[in-house]
2 protein chains.
Amino acid sequence: MKKARYHHGDLRAALIEAARLLVEQNGAERLTMSDASRAAGVSTAAPYRYFHDKDALLDAVALEGLERQRQAMLQAGAAHPLGSEAAVSAIGHAYIDFATAERGVFKLMFSQTRTHGRSPELLQKGKETFGVLLSQLAHREGGSPNDPPIRTRGLRLWTFVHGLSFLLIDDKVSAMEIPLDLSEMVADATRRFLQDS
Amino acid sequence: MKKARYHHGDLRAALIEAARLLVEQNGAERLTMSDASRAAGVSTAAPYRYFHDKDALLDAVALEGLERQRQAMLQAGAAHPLGSEAAVSAIGHAYIDFATAERGVFKLMFSQTRTHGRSPELLQKGKETFGVLLSQLAHREGGSPNDPPIRTRGLRLWTFVHGLSFLLIDDKVSAMEIPLDLSEMVADATRRFLQDS
DNA sequence: ACGACGATGTTAGAACCAATAACATCGGTA
DNA sequence: TACCGATGTTATTGGTTCTAACATCGTCGT
């Protein structure tokens, strides 16, 4: 229907979506502006109207991914009583599910964007995502998400699901021939870390 | 002393070392064959006598890193009674120490090498490294490193130190403003995971 | 209505990189 | 000693990022 127009309409969003698909297919390190431009149907110079450089485009993909992951975690937690072990476990499972479902974007989000600190938006979105877990823990223990003990417990849980995500998407679990029931693994770790040692 | 010779002597090793330093400085994704060649003092075509392509050079750097990390873990474990909680904890700590001391190489080793499975040497070396932990657990529980329950427990511990390594080197812990006593963190996790649930 | 102008796109090109081919040099061995 | 294979170099091709100069469009003021 839509004929080839000189102006695209919403090139910025189209580039992010094209880049997202390419990152998912080949990994962020193999993304080229040429490919993204081609996929969006524009010349290779067009993206620079919206993104200062390739890293800026990747940052946008990462930001969008962070938001989607946060939504998934939020939804997973909401299916259980606030502050319950089941809620915490479900959030962790959702984290890993996102990682394995979108390994390219996940790795970009957490490990291939040059020090999140450089982008205030990424940093902020990251805090919001971590906050999904923290608020559950805070409710559980009747404190504030800013309490150091709660943040430390949050780190323990995050550390575990983060590590498992990487081992899974980098195929270490299968390479090391380790039997794994993911749900059981997450539930077990959640239980151990929620204990008052 | 040594004048500029046409032949290098041990170019292969020199290239790996040069690449290692560059990876550590700029990250594997920014390594160029040009830079590595320049650092080794040869032309940009010379490396191709020893490495099929850039990925092959990076694989060599990763392999060398895996071996060094394995040695560090072995040594850390040997400082404690075989199969003790302290030994397991020390191995985990050594794992993280390596990651934070050589973040560029560490990320290359575990997450930026095209699916270890493709390189039999990397896969083998990875198994040996995981074996350092497994043999401690096997001694502890009086079983074989191949027993599924032992491998699963190994995965739990690996998952944790792996996750913490990534969160640390990608600056998430500091970005999220989480207080952290690394030794305490590792000891705590070890204790929790060595418990019989 | 309509025309100017800013926003958004294109084409051309400079600087860089990976990888290969053709050529040069060295050193060990018959 | 003279050859020849191993190890380097130079030159080239095709691809990359990013910028500059130019083209087109649509919207807003008159």
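Side-chain atoms are counted along with the backbone in the values below, which use heavy atoms only and exclude waters and symmetry mates. Naming convention: chains lettered A, B, ... in sequence-line order (proteins, then strands); numbering from 1 in each chain.
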Novice: Between Gln124(A) and Glu128(A), is any side-chain donor less than 3.5 angstrom from a side-chain acceptor?
Specialist: yes

Novice: Rounded off to whole Å, could you give me the CG-to-C1' distance for the Leu11(A) and dT10(C) pair?
Specialist: 12 Å

Novice: According to the interplanar angle, ranging from 0 to 90°, do the rings of Phe106(B) and Phe110(B) count as parallel (below 30°), tilted (30 to 60°) or perpendicular (above 60°)?
Specialist: tilted

Novice: Please name all residues satisfying ring pair (Phe, Tyr, Trp, His ring centres under 6.0 Å) with Tyr48(A), sequence neighbours left out, ordered by chain then number.
Specialist: none

Novice: Where along nucleotides 16-22 of chain C does protein come under 4.0 Å, by heavy atom, of base (B) or sugar-phosphate alone (S), with - for untouched nucleotides?
Specialist: -SSBBBB

Novice: In whole angstrom, what separates Asp10(B)'s CG from dT7(D)'s P?
Specialist: 10 Å

Novice: So, do Gln136(A) and His80(A) sit near enough that their side-chain heavy atoms are less than 4.5 Å apart?
Specialist: no

Novice: If we count only N and O atoms by modelled type, under 3.5 Å, do the side chains of Gln75(A) and Gln71(A) hold a donor and an acceptor together?
Specialist: no

